[in-house]
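Reminder, nothing fancy here: chain letters follow the sequence lines and each chain counts from 1. When reading the values below, keep in mind they use all heavy atoms of this one structure, side chains included, and skip hydrogens, waters and symmetry mates.
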Amino acid sequence: MQNTSPAAYNPHEIEPLVQQEWDRLRAFEAKEDEQREKFYCLSMFPYPSGHLHMGHVRNYTIGDVISRYQRMTGKNVMQPMGWDAFGLPAENAAIQNGVPPAEWTYGNIAYMRTQLRRLGYAYDWSRELATCDPKYYRWEQWFFTRLYEKGLVYRKKAMVNWDPVDQTVLANEQVIEGHGWRSGARIERKEVTQWFLKITAYAEDLLKDLEQLEGWPDQVKTMQANWIGRSQGVEIKFDVSSEYTLNVFTTRPDTLFGVTYIAVAPEHELAVQAAEDSPEIAAFLQECASTRVSEAEISTLEKKGMDTGLYAVHPMTEERIPIWIANFVLIEYGSGAVMSVPAHDQRDWEFASAFGLPVRPVVYPDKDSASVDVSRCAFLEKGWLQNSAQFDGLSSDQAFDAIARELERCDKGRRLVNYRLRDWGISRQRYWGCPIPIINCSHCGAVPVPDRDLPVVLPEEVDFDKGLSPLQSAPGFYEVSCPKCRGAATRELDTFDTFFESSWYFARYCSVDNDSSMLDDRARYWMPVDQYVGGVEHAVLHLLYARFFHKLMRDAGMSASDEPFMNLLTQGMVLKDGAKMSKSRGNTVDPQELIDKYGADTVRLFVIFAAPPSHNLEWSDSAVEGSYRFINKLWRLVESHAGHGMAHRDGMAPEGLGPGQTELRRKTHETIKRVTDSMGRRYAFNTAVASNMELVNAIADFEDPSPTGRKVCQEALEAVVRMLAPILPHVCHVLWHRLGHEEPVYRTAWPSLDSSALKREVVEMVVQVNGKKRGTVSVPAGMDNNGIEQAARDNENVLRFIENREITKVVVVPGRIVNIVVN
RNA sequence: GCCGGGAUGGCGGAAUUGGUAGACGCGCCGGACUCAAAAUCCGGUUCUGGCAACAGAGUGAGAGUUCGAGUCUCUCUCCCGGCACCA
């Protein structure tokens with residue numbers, strides 16, 4: 001792997017030295033400077049699970065390449081790093097190994113920090129933060145109490161997965177085929193009172209501002225828009241009894257006369273009420289309650305239902321409509337009840353077919369259609385109404401308005417904009433999280449912890465042996481007096497969803513050392529983030545919560561911008577054997593072994609070169625060897641050039657160059673042009689590497705010891721070393737000095753393009769006959785279309801295909817192609 | 001089930017605005033150097049036929065638009081991500 005000559009590339013020798021040099025120079029500490037254009041580059045911070053995995057390495061290398069590139073273009077760059085330190089795995093480790101979560105977490109952070117440093121990322125470590133640090137979470141507790149005052153926080157009951165044996169709430173991930181992962185007990189859905197943030201109050205804002213995000217991938221914006229799911233419709237009242245009315249939302253009020261039943265969720269109060277008198281219904285509800293609280297689970301269930309025996313009154317026809325319980329209706333969405341129109345909705349149609357409920361068509365494809373076929377599936381399109389009393393003959397769109405107006409007139413409904421988005425449940429029945437700063441008092445109710453008592457510090461010395469959450473057996477923590485009445489009260493024992501911490505960390509990096517406020521003017525300088533880099537799996541949840549939280553901070557006067565992340569790069573996953581690398585699959589590759597073997601630069605080059613950032617990356621051992629080989633080749637090239645003394649490129653006269661010199665110089669500047677575009681605009685870092693490899697190959701083939709030749713070679717090498725410096729910062733740091741420069745390469749300017757070097761006198765063009773390539777012709781640059789066409793027709797091989805044929809058309813695209821169309 | 005994405009040689013990928021499909025790298029084959037190996041260097045490498053020039057086929061499947069389609073449109077298959085308590 002290594003040879004022993006003194007000039008050989010040895011990453012283990014140079015990398016620590018270069019890193020010491022950066023530390024000595026405080027190279028990457030960012031200072032606010034109003035005179036300079038700032039660039040805030042952020043990678044999604046890791047959960048400190050123990051070791052870096054290849055996904056981290058890929059994510060952070062991409063972020064670092066962007067940071068270092070932007071620095072070379074002259075921007076004032078800030079790139080911080082921290083730890084998303086609260087979460088479930090720490091509790092699992094505590095249960096399994098008896099190590100307190102805090103100790104486990106801080107130990108992991110210490111190790112992973114050394115791994116990140118070893119990879120040479122240009123982080124400003126003075127801004128490092130960990131979300132489990134009270135200095136961090138005190139501010140989210142403080143902010144939560146502000147939101148509480150503003151009325152953006154409320155409490156309601158919501159479903160959780162309940163393990164009846166372990167007596168704990170389980171995350172969706174901890175439910176394996178309907179059973180608790182530890183106890184194996186059949187899980188139950190259970191209602192628990194929890195805290196919610198009114199993200200729905202910002203639904204319109206979150207949707208509308210997607211338009212501002214020109215630097216986000218369309219796919220992510222589409223997913224967010226669909227997740228928010230704005231729909232216009234009508235909320236309709238179906239009376240069940242004199243004192244009870246069901247409100248159902250529909251986007252198709254034109255199908256109102258086709259309603260043949262109402263479906264409610266198994267948790268709906270009407271279902272629960274019906275179960276009281278019917279053991280069969282009670283058994284059905286129990287069955288429904290043994291599935292996970294996840295939409296994926298519920299929507300893939302076999303459609304099941306049961307008649308409640310209750311009826312609702314149709315608001316127009318006053319017909320009695322049966323009320324059914326359906327296992328696919330979500331209690332969390334809307335009112336947990338839907339009006340069912342089997343003739344015009346496929347899911348309703350399937351349910352009606354399974355349970356023998358009537359199918360009543362009311363929308364027909366044409367104004368005078370005699371019939372519409374709903375015997376095999378529902379008719380989903382809009383059309384013209386029949387069987388709809390006074391609305392017969394109207395189009396679906398006309399009927400939407402007419403029926404909505406009539407419902408509003410007789411107070412049986414109202415037009416409504418509905419969102420699929422649900423309020424954000426932030427309570428977790430967990431220990432290792434940020435305590436929710438609320439005190440529950442029997443007199444005063446829920447009372448926010450006053451500012452003077454913040455932070456509410458999570459006790460870190462705890463006992464995990466007793467099964468319950470350690471907080472429940474820590475009276476010293478939860479026995480408090482009420483801030484209002486001074487009476488005995490208890491602390492809220494739930495902690496925040498960990499998405500809470502990750503929804504504002506990007507802002508806190510700017511003001512990380514401020515002990516007197518959450519954010520300050522420095523956040524106004526750095527925010528918004530110019531480039532955010534992270535896994536595509538966060539396209540909806542994390543990125544939506546962060547956008548929401550940022551708007552909350554904006555509305556609290558802490559931020560000037562509407563959106564937190566100007567540009568977003570969603571990176572693909574690292575796969576092996578076609579599957580995501582994970583412990584459970586046993587297909588992980590430990591990046592540490594690679595770093596130990598090849599050094600940081602090789603690992604960085606591999607993850608950058610193997611695939612474009614947004615694609616999944618298929619792991620390959622041999623490709624790593626290739627990266628190492630390339631660095632060696634570059635090293636040898638610079639060594640052998642510099643070994644013959646310095647050759648400065650300054651003052652070179654492009655006029656006096658020979659053909660080979662002109663060619664290399666053109667290649668150099670073509671590469672600068674392409675790589676600059678790949679790095680700065682396209683984020684196609686893999687092809688930036690490929691272009692540099694081509695130039696390196698051209699330099700290696702260029703053997704010209706003349707003084708002019710050495711100048712051309714020096715220019716080419718300087719360009720390559722600077723263009724690769726963001727990807728290979730250690731080796732390029734050394735090679736840049738070797739090429740005779742004092743200033744460290746990370747501080748030098750990105751190479752600039754000399755357009756005059758790109759000029760060509762002759763261009764090669766492809767000649768097609770009927771769209772098939774039949775030859776190439778070389779023509780002088782700037783030749784007119786007639787000249788090009790003539791040259792194409794004269795081509796020997798082309799002649800074979802156009803002789804004795806009638807030419808019907810000739811397409812000439814100068815500089816590219818000639819297509820001769822013959823009969 | 002719903003939402004989003006993907007599919008190109010033996011492999012990872014390239015083709016930027018509809019204009020030479022396979023850049024660059026890996027692997028493999030052959031050669032040079034070497035006692036030998038490693039490293040390095042040179043040549044070849046989509047498939048089929050041909051000594052070659054060249055010809056035919058070819059970007060998951062099927063249709064369509066176009067002088068020209070990997071790229072645009074429609075239908076389908078398979079794979080991946082997300083689905084609100086994994087982070």
Open item on the list: Quick check: any donor-acceptor pair below 3.5 Å linking the side-chain of A/Glu295 to the base of B/rC2?
Closed with: no
Open item on the list: Say we look at B/rG68 and B/rC76: how far apart would their P atoms be, to the nearest angstrom?
Closed with: 27 Å
Task: B/rC3 to B/rC86 separation - P atoms, rounded to the nearest Å - done: 23 Å
TODO: Using atom CD of A/Glu625 as one end and atom P of B/rC11 as the other, report the distance to the nearest whole Å.
DONE: 21 Å
Task: Nearest-angstrom distance, C1' atom, B/rA87 to B/rC72 - done: 39 Å
- [ ] Kindly say if A/Asn226 contacts the phosphate of B/rG4, meaning a side-chain N or O under 4.0 Å from OP1 or OP2.
- [x] yes
Task: Ring centroid separation A/Phe328 to A/Phe351 under 6.0 Å - done: yes
Task: Quiz item: A/Gln194 side-chain donor-acceptor pair to B/rC85 base, under 3.5 Å - done: yes
TODO: Starting from P on B/rG4, measure out to NZ on A/Lys221 and report it in whole angstrom.
DONE: 15 Å
Task: Of the listed nucleotides B/rA84, B/rC67, B/rG25, the one nearest the side chain of A/Asn697 - done: B/rG25
Task: A/Arg420, CZ atom: more than 12 neighbouring heavy atoms under 6.0 Å - done: yes
Open item on the list: Is there a side-chain contact between A/Arg682 and the phosphate of B/rA15, meaning an N or O under 4.0 Å from OP1 or OP2?
Closed with: yes
Open item on the list: Distance check needed: B/rA87 P versus A/His53 NE2, whole Å only.
Closed with: 13 Å
Task: Check: A/Tyr598 ring centre within less than 6.0 Å of A/Phe606 ring centre - done: no
Task: Residue matched to B/rG56 through Watson-Crick or wobble contacts both under 3.5 angstrom - done: B/rC47
Open item on the list: Heavy atoms from C-beta onward define the side chain here; which of B/rC85, B/rG19, B/rU40 lies closest to that of A/Gln768?
Closed with: B/rG19
Task: Closest to the A/Ala690 side chain, choosing from B/rA84, B/rA23, B/rA57 - done: B/rA23
TODO: Please state whether the phosphate of B/rC83, meaning OP1 or OP2, lies under 4.0 angstrom from any side-chain nitrogen or oxygen of A/Ser294.
DONE: no
- [ ] Determine, using ring centers only, whether A/Trp83 and A/Tyr505 are less than 6.0 Å apart.
- [x] no
Open item on the list: When the C1' atoms of B/rA55 and B/rG60 are compared, how many Å lie between them, rounded to an integer?
Closed with: 27 Å
Task: Residue pair A/Ser231 / A/Asn418, side-chain donor-acceptor N/O under 3.5 Å - done: no
Open item on the list: Need the pair for B/rC26. Rule: Watson-Crick or G-U wobble, both distances under 3.5 Å, any strand; none if unpaired.
Closed with: B/rG10
Open item on the list: Could you tell me how far apart A/Gln174 (CD) and B/rA87 (C1') are, to the nearest whole angstrom?
Closed with: 13 Å
Open item on the list: For the P atoms, the ones on B/rC54 and on B/rU59, what distance do you get once it is rounded to whole angstrom?
Closed with: 23 Å
Task: Distance flag, aromatic centroids of A/Phe685 and A/Tyr683, threshold under 6.0 Å - done: yes
Open item on the list: Does A/Phe630 reach a base, just sugar-phosphate, or nothing at all? Heavy atoms under 4.0 Å.
Closed with: nothing
- [ ] Give the nucleotide from the list B/rC42, B/rA84, B/rU20 with an atom nearest to the side chain of A/Ile817.
- [x] B/rU20
Open item on the list: Does A/Ser299 contact B/rG1 through a side-chain donor or acceptor facing the base, at a distance under 3.5 Å?
Closed with: yes
Task: Pairwise C1' distance for B/rA63 and B/rG13, with rounding to whole Å - done: 29 Å
TODO: Check the distance between B/rG13's P and A/Leu575's CG and give it to me in whole angstrom.
DONE: 9 Å
